[in-house]
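Along the sequence shown, the residues carry numbers beginning at 1. Whatever order the structure lists ligands and atoms in, that order sets their numbers, starting from 1.
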Amino acid sequence: MTTSLDLLPGDPRAALLVIDMQYDFMPGGALAVAEGDALVPLVNRLGAQFRNVVITQDWHPAGHISFASSHAGRSPFDSITLPYGAQTLWPDHCVQGTQGARLHADLVIDHAQLILRKGCNAGIDSYSAFVEADRSTQTGLAGYLKERGIDSVFVVGLALDFCVAWSALDARAAGFNTWVIEDACKAIDLNGSLDKAWQDLTAAGVVRIDSADVTR
Ligand code: VGL
Ligand code: ZN
């Protein structure tokens, strides 16, 4: 798709949001996303183009409420109802301080100024980099970006249908112009989650582009 951008990646008002490029989401990891590792070179190239880069890390305490192992009789990928709503259960992943929670070592965006850790509350998941799954606890990212004069956000990383989509939807809801760079993301695709993500993103006014639209 060809989309003319009304600002360039290097614009001080734009930020690249690099979502969860961690070993547990890479092939061989606890919650592997197919070909997640193949994104690293492209994400590095995109990172080099943006003046502002925020990197996120899924960062759960052991025994986190999103882990199937925290719920007797439940298996990964089951869905349960929590006080804040539906929650998909996952294999234990991105436990604080573990190798699986580390950013891929080949991800090199040295000028990134913020690494934001999310999902740190034991009883609340957070796919989104902006608002936790209770839909009220803020991570502070919207304020951080706004206070720095940033009004436009480009989202890449893992996984497209979970943390990328929720982050992009919340960026839009917080008033940012928001793009998802499709070829710089990979999806889990659980029970139609990828189609639903694109429907929700498009309906919210998030713009779907390719890296070529940014690099040209
Ligand atoms: C993610 C499931 C659970 C993601 C994080 O980064 O998309 N997905 N935790
Ligand atoms: Zn998680």
Side-chain angles (χ1 to χ4, degrees), residues 16-40 43 54-71 74-80 82 84-104 107 115-135 137 139 141 153-171 178 180-198 200-201 206:
L16 183 69
L17 200 48
V18 177
I19 303 290
D20 298 0
M21 296 287 290
Q22 295 164 268
Y23 284 112
D24 271 342
F25 298 121
M26 304 288 165
L31 181 41
V33 182
E35 302 179 324
D37 53 343
L39 292 180
V40 172
V43 172
V54 175
I55 295 172
T56 71
Q57 260 179 313
D58 210 35
W59 197 253
H60 301 309
H64 190 252
I65 199 160
S66 76
F67 296 171
S69 63
S70 302
H71 305 270
R74 295 294 182 170
S75 305
F77 312 107
D78 285 354
S79 183
I80 63 166
L82 292 177
Y84 58 73
Q87 173 70 52
T88 300
L89 297 178
W90 304 105
D92 290 22
H93 65 280
C94 297
V95 174
Q96 295 172 3
T98 62
Q99 172 66 19
R102 294 211 174 118
L103 294 168
H104 196 296
L107 183 74
I115 298 178
L116 179 93
R117 290 168 166 174
K118 62 182 179 61
C120 306
N121 283 319
I124 315 174
D125 204 2
S126 193
Y127 299 146
S128 167
F130 292 89
V131 188
E132 298 192 14
D134 63 358
R135 310 313 294 147
T137 304
T139 66
L141 181 57
V153 172
F154 294 75
V155 192
V156 301
L158 302 171
L160 174 49
D161 41 348
F162 289 94
C163 291
V164 169
W166 285 55
S167 296
L169 289 168
D170 284 348
T178 309
V180 169
I181 306 176
E182 183 172 12
D183 57 325
C185 303
K186 298 284 182 189
I188 294 173
D189 204 8
L190 183 66
N191 305 321
S193 56
L194 181 56
D195 282 347
K196 176 161 192 323
W198 280 124
D200 293 347
L201 289 163
V206 174

Interatomic distance, [X] atom [atom1] to [Y] atom [atom2] [nearest 0.5 angstrom]:
{"X": "Ser70", "Y": "His64", "atom1": "OG", "atom2": "NE2", "answer": "8.5 Å"}
{"X": "His93", "Y": "Thr98", "atom1": "NE2", "atom2": "OG1", "answer": "10.0 Å"}
{"X": "Phe130", "Y": "Leu116", "atom1": "CZ", "atom2": "CG", "answer": "9.0 Å"}

Which atom names give the shortest non-hydrogen contact between Asp134 and Tyr84, and what distance separates them?
-> CA-CB, 3.6 Å

Would you say the side-chain atoms of Thr88 pair up with the backbone N or O of Phe77, donor to acceptor, closer than 3.5 Å?
-> no

Side chains of residues 155-165: which donor-acceptor partners sit under 3.5 Å, not counting sequence neighbours?
{"residue": "Asp161", "atom": "OD1", "partner": "Ile188", "partner atom": "N", "Å": "2.9"}
{"residue": "Asp161", "atom": "OD2", "partner": "Ile188", "partner atom": "N", "Å": "3.4"}
{"residue": "Asp161", "atom": "OD2", "partner": "Asp189", "partner atom": "N", "Å": "2.5"}
{"residue": "Asp161", "atom": "OD2", "partner": "Ser193", "partner atom": "OG", "Å": "2.7"}

Any pair with a residue in residues 19-31 that passes side chain to side chain donor-acceptor pair (under 3.5 Å), sequence neighbours left out, goes on the list, sorted by first then second residue, please.
-> Asp20-Thr56, Asp20-Lys118

Proximal protein residues to ligand 1, non-hydrogen atoms under 4.0 angstrom | Asp20, Phe25, Leu31, Asp58, Trp90, His93, Tyr127, Leu158, Ala159, Phe162, Cys163

Test side-chain hydrogen bond (donor to acceptor under 3.5 Å, both in side chains) applied to Asp37 and His104, step by step = CA-CA 8 Å; Asp37 53 343; His104 196 296; 5.7 Å; no

Enumerate the protein N/O/S atoms at a distance below 2.8 Å from the Zn ion (ligand 2), ignoring waters.
-> Asp58 OD2, His60 NE2, His93 NE2

How about Gln96 and Cys120: do any of their side-chain heavy atoms sit closer than 4.5 Å?
-> yes

